[in-house]
Amino acid sequence: MALTADEIRTLNEIARGTAEEDPEFVRHLTSFGAPRPSGRVLPSRRTIVPWVMAGVLLAVGVVVASRPVRRL
């Protein structure tokens, strides 16, 4: 269903008024649907630290488990 010319004009007036009142809000809205940067994005520290700690614990566990048992 197409908009009438009057409805389009009203929407354009609302858009102009909003852009004048709050340009930051308009910039935020126009960022939706924008293409995202290509390439890999590095994970955050919050993601990396637990994985590194789990790897270190796993390596320590393997080393400890592979050592021969000493009997007294």
By side chain to side chain contact (heavy atoms under 4.5 Å, CB included), which residues pair with Glu7, not counting sequence neighbours? Leu3, Thr4
Output all residues satisfying side chain to side chain donor-acceptor pair (under 3.5 Å) with Asn12, sequence neighbours left out; order by chain, then residue number. none
Partners of Glu20 by side chain to side chain contact (heavy atoms under 4.5 Å, CB included), sequence neighbours excluded? none
Mind checking what makes salt bridge (Lys or Arg N to Asp or Glu O under 4.0 Å) contact with Glu13, not counting sequence neighbours? Arg9
Just to verify, what does Pro50 make a side chain to side chain contact (heavy atoms under 4.5 Å, CB included) with, not counting sequence neighbours? none
Using links of under 4.5 Å between side-chain heavy atoms of ILVMFWY residues, direct or through other members, which residues join Val49 in one cluster? Met53
Got a sec, which pairs hit salt bridge (Lys or Arg N to Asp or Glu O under 4.0 Å) with one end in residues 23-32, sequence neighbours left out? Glu24-Arg27
Kindly list each side-chain donor-acceptor pair under 3.5 angstrom involving residues 55-68, sequence neighbours excluded, with atom names and distances?
{"residue": "Ser66", "atom": "OG", "partner": "Val62", "partner atom": "O", "Å": "3.2"}
{"residue": "Ser66", "atom": "OG", "partner": "Val63", "partner atom": "O", "Å": "3.0"}

Using the rule that two of Ile, Leu, Val, Met, Phe, Trp, Tyr join whenever any of their side-chain heavy atoms come within less than 4.5 Å, decide whether Val26 and Leu29 are in one cluster. no
List for me each residue that meets side chain to side chain donor-acceptor pair (under 3.5 Å) alongside Arg16, sequence neighbours excluded, and say none if there are none. none
Side chain to side chain donor-acceptor pair (under 3.5 Å) partners of Arg46, counting only residues at least two apart: none
